[in-house]
There are 2 protein chains.
Amino acid sequence: MRITVDEESLARCALLKEISPAERQTILATGQERRVMPGEYFFHQGEASDWLYILLAGQVKLAQVTEAGNQVVIGYLGPGGGLGIVVALSNIPYPLSAEAMEPCLAVGWEREEMKALMRRYPQLALNSLGMVGERFAELQERFRDLATRRVEQRVARALLRLVRQFGKRVPQGVLIDIPLSRQSLAEMTGTNIYQVSRMVSRWEKEGVLQSDHQRITILKAHELVILGEDL
Amino acid sequence: MRITVDEESLARCALLKEISPAERQTILATGQERRVMPGEYFFHQGEASDWLYILLAGQVKLAQVTEAGNQVVIGYLGPGGGLGIVVALSNIPYPLSAEAMEPCLAVGWEREEMKALMRRYPQLALNSLGMVGERFAELQERFRDLATRRVEQRVARALLRLVRQFGKRVPQGVLIDIPLSRQSLAEMTGTNIYQVSRMVSRWEKEGVLQSDHQRITILKAHELVILGEDL
DNA sequence: CGTAAAATTGACGCTAATCAAGGTCCGTGG
DNA sequence: CCACGGACCTTGATTAGCGTCAATTTTACG
């Protein structure tokens, strides 16, 4: 397989760092290219976790669905992010679904193949552990938020996390550069669209942020920081 | 270092599985024995994650503390469990504290040493990834619980998880064989001791379980399963 | 221009957090 | 042996926070 992506973006990818370009090529050659269109899925929760991917382009939403049909958004991934890395090495099914939000390009490896690669290039395994560790720490932080903070604080903090991950500087402030519905915000923070709508409206009135067509721009991040703390 | 623990229990340890006894000895020889008494800590949240451990004997509680001083219990570990495995490979501080609940014996490795071992024995890294993956999936399940279920359901499900992990068959049912205060149950489920107390009392009246001196015995697990689902 | 999806807003009622008061169990020391 | 203090637990009353429903408005898009 030939991935037509510049070296630079591959070097930035956490999975392939500290691996020589030659080895990188060998590793990529073993993988398969996969393109996924918006609304389609890389995989669904509950399926056997036979493949893992590195996202090269596009945005992906990671979400769980409960028996009652409620979605819970675990997070978003951008280029360089890993899909299924967490579980591909344990024999458990995917614990969540990965949905493309934009046209996506990824490299995928079959589980056993990746195991073989990792045995051959241990740095690959170390990098995976690093990636998983960071994701784990973040999930733990969000778990704590859910266990101890009120809805307003959780929404404020969710926005700040999104700023960190997808923030683009614009004249007025920082734009969260993904399509972000009230629904998604609610699913990230364990509440419903009504509460989220109320808060966003109020913050907009107060000049803290600006909401327009599924795009939110943060004008006064420091205000959100304060709101996110326990008073 | 010589660990005076039988081969059998080492073979059961997820980190060392599929590793030859000879290699296992080399790996263990590189580690350092550490004993920790009840109430003492392997490490505290926020410290540099320079060490990782495999627990050989004893029980450990993993918990976060919020700025407001509230604890959030992430989980418990028994023999064979890994401490700090999740983050020891990423350069982030420990995201939680690990407190011994019984006299504990563990083997510890310094981060760079473990990296070297993993490069030499890639199976070690694969095993770590497997362990982390399982823990990740469980945390995600609990995250979803917190986001979508009511307190009663969460407490019921927490008890069922504890049964799976620490259940010992006794004549009347299944004993959860760790000291389990109302406080800890509350900290596991994102609520407070009052709610937990009410529920446990009610379930005791209904004959679902039996509570006595920080020990809980489940008499009718199927009832708890039903309570844990959405009606 | 019309339809559907997304967002808003107010009203209502339930869930769960909080507060207060008292109880039980246990080890320690008089 | 019994009294005392502390940790842990229980229970009721109160209230704040939040989820839910209904009605309406706004926005996207064919």
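All chains are named by letter (A, B, ...) in the order of the sequence lines, taking the proteins before the strands, and each is independently numbered beginning at 1. Since we're looking at a predicted model, the values are computed, not measured. Computation of the quantities below employed the complete heavy-atom set of this structure, encompassing side-chain atoms and omitting hydrogens, waters and symmetry-equivalent molecules.
Looking at A:Arg149 and B:Glu67, a side-chain N of the basic residue comes within less than 4.0 Å of a carboxylate O on the acidic one, giving a salt bridge.
The CD atom of A:Glu187 sits 10.0 Å away from atom CD1 of A:Ile193, with the distance rounded to the nearest 0.5 Å. Distance check, rounded to the nearest 0.5 Å: CD of A:Glu204 to CG of A:Leu209 gives 6.5 Å. Annotation: the span from A:Ser181 atom OG to A:Ile216 atom CD1 amounts to 9.5 Å, rounded to 0.5 Å. Expressed to the nearest 0.5 Å, how far CH2 of B:Trp203 lies from OG of B:Ser211 amounts to 12.0 Å.
As a whole-Å value, the separation of B:Gln153 CD from D:dG19 P is 14 Å. Rounded to an integer number of Å, the gap from CG of B:Leu146 to C1' of C:dA16 is 13 Å. Here D:dG6 presents its C1' atom at 14 Å from NE2 of B:His213, a figure rounded to the nearest Å. Nucleotide C:dA5 holds its C1' atom 11 Å from the CD atom of A:Gln183, rounded to whole Å. D:dT15 atom P lies 18 Å from atom CG of B:Asn192, rounded to whole Å. Between the P atom of D:dC9 and the CG atom of B:Leu185 lies a distance of 9 Å, rounded to the nearest Å. Between B:Arg182 atom CZ and D:dT11 atom C1' there is a gap of 13 Å when expressed in whole angstrom units. In this structure, A:Arg150 places its CZ atom 10 Å from P of C:dT18, rounding to the nearest Å.
Between the side chains of B:Arg135 and A:Ser90, not a single donor N or O lies within less than 3.5 Å of an accepting N or O. B:Arg202 and B:Ser197 form no side-chain donor-acceptor contact under 3.5 Å, judged by distance and modelled atom types alone.
Both A:Gln214 and A:Lys205 sit near DNA chain C, but only A:Gln214 has its closest nucleotide nearer the 5' end. Sequence order on DNA chain D of the closest nucleotides to A:Asp212 and A:Thr191 puts A:Thr191 first from the 5' end.
Contacts classified as salt bridge (charged side-chain N to carboxylate O under 4.0 Å, His left out) and involving residues 50-60 of chain B (residues at least two apart or in different chains) are given here: B:Asp50-B:Arg111.
With the end axes of the helix from C:dC1-D:dG30 to C:dG30-D:dC1 each set by five pairs, the angle from one to the other reads 30° at 10° resolution.
Within 4.0 Å of B:Ser211, counting heavy atoms only, lies no atom of the nucleic acid at all.
Residues from residues 193-202 of chain B lying near DNA chain C, meaning a heavy-atom separation below 4.0 Å, are B:Tyr194, B:Gln195, B:Arg198 in numerical order.
Partner B:Tyr53 forms a ring pair (Phe, Tyr, Trp, His ring centres under 6.0 Å) with one of B:Tyr94, B:Trp109, B:Phe42 and no other, that one being B:Phe42.
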